[in-house]
Asks: 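Structure below; questions to follow.
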Amino acid sequence: MSEYDIEHSHGMHVVHDGPRQAPPLLLIHGSGASGGFWNPVVPALAGHHHVIRVDLPGCGKSPPAPSYDVPAQAGRVAALLDDLGLRHLAAVGHSSGGYVATALAEQRPDLVGSLALISSGPSPDALLRQPFILRVLLAPPLGPLLWSRRSDAMIRRGISATAARPVDVPDDVVADVRGITYRGMRTVLRRNTAYIAERSVPERLAALKVPVLAIFGAADPRWEPSSARQYDAVPNARVELLPGVGHLPMLEAPETTGKLLLGFTATGR
């Protein structure tokens, strides 16, 4: 991997990997996460792409923003891509990052040539009862009290609770997760829910004319894994269920996830 540029643009921390002249590939993380969550798959992707990773506002190393509405997030990403002079890229979103990627494709079809969603719940009714540690951290009365006092071990347990396999969570990723505030996290989650409640992701994608890859862990504890089949209704969509994988395929099965993404960006299937 050749990490060659780190910058801030439009209120977002941005990291570039791979040769700038290669086909562009945008990676968008999920709620409360950061671009660091993509670390295990970036080396393989950067061998073929100019990889752009963003920390969405309020997450990782990016400062908070006035609005966390999904379309507003997508608008910020679009402005960043315009500044970079990029067109017709492959956009990849993990979890709620898939909503931002979808909104980007809705707003700017000139920018998004293909779309890959990883562990992106299709609609609110697919949401499962969340792991205990996340319920404690995210809901009153304990959430507001515990959030700012989270130890590194507690943050790692919270991340690992969404996985079905053991995952390595480096110190820099823990530091990134610590960056989001309790209020910011709650707001992001509410805005994400509002986006998919207004129209489901498959319904939104069906109105678009881009190839779609939906990757889901068959043991995802956050979203009902069978809900991934809702993406079958999307024209030009392919669904991949990963056995024994939870909500974090890029951490739990980076080699498989990287191969699927590279195959998709090479062929659009």
Asks: When N39 is tested against each of L251, V15, D172 for side-chain contact (heavy atoms from CB on, under 4.5 Å), which residue passes?
Replies: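 It is D172; the other options fail the test.
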Asks: Rounded to the nearest 0.5 Å, how far does CD of Q130 lie from CZ of R222?
Replies: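 Going from the CZ atom of R222 to the CD atom of Q130 covers 4.5 Å.
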Asks: Taking the inter-plane angle between the rings of H247 and H94 on a 0 to 90° scale, is it parallel (under 30°), tilted (30 to 60°) or perpendicular (over 60°)?
Replies: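 Rings of H247 and H94: tilted, 30 to 60°.
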Asks: Given side chains that start at C-beta, do those of S148 and Y182 come closer than 4.5 Å, heavy atoms only?
Replies: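 When only atoms from C-beta onward are counted, Y182 and S148 do not touch, as no gap falls below 4.5 Å.
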Asks: Return yes if some donor-acceptor pair links the side-chain N/O of S227 with the main-chain N/O of E224 below 3.5 Å, else return no.
Replies: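 Yes, because the side chain of S227 sits within donor-acceptor range (under 3.5 Å) of the backbone of E224.
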Asks: Among all residues two or more places apart in sequence or in another chain, which pass the salt bridge (charged side-chain N to carboxylate O under 4.0 Å, His left out) test with D168?
Replies: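 For D168, no residue satisfies salt bridge (charged side-chain N to carboxylate O under 4.0 Å, His left out) once neighbours in sequence are set aside.
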Asks: Parallel, tilted or perpendicular: which one describes the rings of Y99 and W223, with boundaries at 30° and 60°?
Replies: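 Correct class here is perpendicular.
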Asks: Got a salt bridge between D69 and R190, using NZ or NE/NH1/NH2 to carboxylate O under 4.0 Å?
Replies: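 No.
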Asks: Check the pair T265 / H49 against side-chain hydrogen bond (donor to acceptor under 3.5 Å, both in side chains), numbers first and verdict last.
Replies: CA-CA 9 Å; T265 57; H49 290 278; 2.9 Å; yes
Asks: I'd like to know whether CZ of R183 has more than 12 heavy-atom contacts from other residues, nucleotides or ligands below 6.0 angstrom.
Replies: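 Open.
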Asks: Scan residues 58-67 for pairs that pass side-chain hydrogen bond (donor to acceptor under 3.5 Å, both in side chains), counting only residues two or more places apart or in two chains.
Replies: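 Passing the test, one end in residues 58-67: K61-D176.
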Asks: Is there side-chain contact between L134 and T162, with heavy atoms separated by less than 4.5 Å?
Replies: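 Yes, at least one pair of side-chain atoms sits under 4.5 Å.
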Asks: Atom CZ of R87 and atom CG of D82: how far apart are they, to the nearest 0.5 Å?
Replies: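 With rounding to 0.5 Å, CZ (R87) is 5.0 Å from CG (D82).
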Asks: Measuring only between side-chain heavy atoms, which start at C-beta, is I52 closer than 4.5 Å to L86?
Replies: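 SC-SC contact between I52 and L86 confirmed.
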Asks: Check whether any side-chain heavy atom of L208 sits under 4.5 Å from a side-chain heavy atom of L205, and report yes or no.
Replies: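 They are in side-chain contact.
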